[in-house]
Amino acid sequence: METVMKTALTALLAMLCLTACQPESNFNIEQQQQLDGSQALQLSVEGGFVLPPIPDDNPLTDAKAELGRHLFYDVRLSGNGQQSCESCHQQSLAFTDGKALPQGSEGHTLVLNSQSLTNVAYNASYTWWNPILVEMEDQLFIPLTGDDPVELGIDDGNREQVLQRFRDDEQYQSLFAAAFPQQAEPVTLVNVVKALASFVRTLISDRSAFDRGELSDSALRGRELFFSEKMECFHCHNGFNFSSSTVTVNTRFPERVFFNNGLYNLNNNGSYPSAMPGKFKVTNDWADMGAFRPPTLRNIELTAPYMHDGSIATLEQVIEFYAAGGRHIESGANAGDGRINPYKSDFVSGFEATEQEKQDLINFLHSLTDYEFIRDPRFANPFAEQPDA
Ligand code: HEC
Ligand code: HEC
């Protein structure tokens, strides 16, 4: 509730400021101050996105992002020292893990596919399904301290022990001091989250072939198809991030959209598997059954398998799925014809496409792969040996 009020207030302030003080500018004064002196958020000349919003209580600095990078790759940030954020978010896979469903540090299998961390700073809400988780700082407590299921497994019993590992480490003493210079005891879980969020916000991918305007003839045809009324992809995957739930510093009233794209239809009543019914889990409104946030399609070539539960293995199969207008599962626990799910969006109505057209669409999606992003040393494991040049 507090967050909702805060968001409403921020939106109101932003509106007042935008109309009264800075109607033309790309970002407001406050934002400029928050990034003052910071190299952390570098946008490429090619992509040139508008800046993402940054919360007032966690201004982005180089020192915080650098601390966050270390924590992101450090297994000491889990209760039993077995996992780090990287376990499920690997740079070479655009910060996914190549698995349908990951396992937490104590061996529990999660019900959701590890999300790409491509451009998450621009997400209007966090996770595949939750419409009220609107601050990354709030979301990050889930992998750190969540117990259903356990991911990194920090709890009341071991929290001080986990933090002590960093208090005792000389490198972290200086990293925390640089990141939180005003504080006598900076090694707290709240600061860990602030640093992680700062690092994750710097994971901006805007240097793909698409951003450079270097599309093959086939990819150009695929782009036409992507934006056509025949295939309808753009209705849900739109904007510079190819996701419709995108915010920038200029966004006054964030749109948080969720769609059912017809993956399931259990009991012929539109149900999704009970472990993950999408936005319905929060609202209990049947109109939200199976509704998920449209993911960014940037770096999609690298982030297989696909969908919230990793249930589609390849991009080719994703295209077949949309061409069929949903998924018909003939037998087993999840049997049902998703093509006739009553809550499915009208934009997923199926289409005819030649093999060449499907290949063109795939080539367009491949043009969204950002090879500089996955090799950028600023995002890499600081503890790893330097790769050969
Ligand atoms: C055990 C695997 C696992 C670990 C460890 C893990 N994550 Fe995740 N992460 C996931 C999954 C699965 C999701 C999707 C969760 C959902 O939809 O509810 C996710 C979602 C996210 C998101 C939201 C992305 C979006 O687009 O909304 C962020 C940000 C994130 N993780 C960052 C982190 C950070 C930082 C850490 C380390 C503190 C971390 N994760 C540790 C598996 C993991
Ligand atoms: C009605 C809105 C809608 C339309 C139209 C739509 N998508 Fe999606 N797309 C989604 C949603 C929502 C998801 C996530 C669904 C889930 O995980 O349950 C998704 C998931 C995907 C994924 C998997 C992403 C990932 O990270 O796993 C790909 C790839 C994709 N869509 C491509 C396309 C293409 C190509 C088209 C056009 C042929 C298209 N989409 C049309 C809403 C849509």
Side-chain angles (χ1 to χ4, degrees), residues 38-42 58 60-99 102-107 114-118 120-121 136-137 139-145 150-154 158-181 186-205 299 302-303 370-389:
S38 167
Q39 299 296 309
L41 202 70
Q42 281 175 342
N58 192 18
L60 187 65
T61 64
D62 294 338
K64 242 189 269 178
E66 186 59 4
L67 168 62
R69 180 165 77 112
H70 284 75
L71 292 166
F72 187 92
Y73 286 99
D74 199 329
V75 292
R76 285 175 288 179
L77 191 60
S78 58
N80 60 10
Q82 296 299 307
Q83 271 195 352
S84 66
C85 308
E86 185 200 20
S87 307
C88 304
H89 299 289
Q90 294 157 22
Q91 184 181 15
S92 60
L93 300 175
F95 296 94
T96 58
D97 59 7
K99 298 178 186 142
Q103 287 192 331
S105 59
E106 296 178 7
S114 297
Q115 284 178 299
S116 167
L117 301 184
T118 298
V120 282
M136 202 195 312
E137 280 78 356
Q139 190 264 325
L140 289 182
F141 280 98
I142 299 172
L144 287 168
T145 63
V150 169
E151 292 181 55
L152 295 177
I154 299 176
N158 65 22
R159 186 178 53 233
E160 284 310 307
Q161 186 195 333
V162 169
L163 293 173
Q164 199 60 41
R165 295 173 189 157
F166 302 110
R167 291 184 186 123
D168 291 343
D169 182 301
E170 268 181 37
Q171 190 185 13
Y172 276 102
Q173 287 164 8
S174 42
L175 285 166
F176 271 97
F180 301 99
V187 187
T188 64
L189 200 57
V190 168
N191 284 349
V192 164
V193 163
K194 285 185 169 174
L196 285 169
S198 296
F199 169 63
V200 173
R201 283 200 176 94
T202 67
L203 303 177
I204 302 286
S205 171
N299 296 318
L302 306 170
T303 64
D370 180 346
Y371 293 100
E372 288 180 57
F373 176 73
I374 61 170
R375 293 184 193 129
D376 193 323
R378 293 172 303 147
F379 308 149
N381 186 341
F383 306 110
E385 284 175 15
Q386 294 302 309
D388 292 330

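When a residue number appears, it is its place in the shown sequence, counting from 1. No hydrogens, no waters, no symmetry mates; every other heavy atom, side chains included, goes into these values.
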Cationic N near anionic O, under 4.0 Å, Arg76 to Asp169 = yes
For [X] against [Y], the heavy-atom pair lying closest together:
X      : Y      : answer
Thr118 : Ser205 : CG2-CB, 3.7 Å
Ile374 : Ala94  : CG2-N, 3.9 Å
Pro186 : Phe180 : CB-CB, 4.0 Å
Tyr73  : Phe199 : CE1-CZ, 4.3 Å
Ala40  : Asp62  : N-OD1, 2.5 Å
Asn58  : Lys194 : ND2-O, 3.1 Å

List the steps, then state whether side chain to side chain contact (heavy atoms under 4.5 Å, CB included) holds for Val192 with Phe176.
-> CA-CA 9 Å; Val192 164; Phe176 271 97; 4.0 Å; yes
Give a yes or no on this: more than 12 heavy atoms of other residues, nucleotides or ligands lie within 6.0 Å of atom CD of Glu160.
-> yes
Chi angles and distances behind the side chain to side chain contact (heavy atoms under 4.5 Å, CB included) call for Leu144, Leu77 = CA-CA 8 Å; Leu144 287 168; Leu77 191 60; 3.8 Å; yes
Please check this pair: side chain of [X] against backbone of [Y], looking for a donor-acceptor N/O pair closer than 3.5 Å.
X      : Y      : result
Thr145 : Ile142 : no
Arg69  : Ala380 : yes
Asn299 : Asp370 : yes
Gln83  : Cys88  : no
Gln173 : Arg167 : yes
Asn191 : Ala179 : no
Gln91  : Phe373 : yes
Asn80  : Ser105 : yes

The side chain to side chain contact (heavy atoms under 4.5 Å, CB included) partner of Gln90 among Asn381, Leu302, Asp97 is Asp97
Measure the shortest side-chain to side-chain distance between Arg159 and Leu189 over non-hydrogen atoms and say whether it is less than 4.5 angstrom.
-> yes
Side-chain contact test, heavy atoms from C-beta onward, threshold under 4.5 Å: evaluate it for Phe379 versus Thr202 and give yes or no.
-> yes
Point-to-point distance, once rounded to the nearest 0.5 Å, from [atom1] of [X] to [atom2] of [Y]:
X      : Y      : atom1 : atom2 : answer
Arg201 : Leu203 : CZ    : CG    : 11.0 Å
His70  : Asp74  : NE2   : CG    : 9.0 Å
Leu196 : Leu67  : CG    : CG    : 7.5 Å
Arg165 : Ser78  : CZ    : OG    : 6.5 Å
Leu71  : Lys64  : CG    : NZ    : 13.0 Å
Leu163 : Thr188 : CG    : OG1   : 7.0 Å

Candidate pair Ile204 and Leu41, rule side chain to side chain contact (heavy atoms under 4.5 Å, CB included), full reasoning = CA-CA 8 Å; Ile204 302 286; Leu41 202 70; 4.0 Å; yes
Check the angle between the aromatic planes of Phe383 and Tyr172 and answer parallel, tilted or perpendicular using the 30° and 60° thresholds.
-> tilted
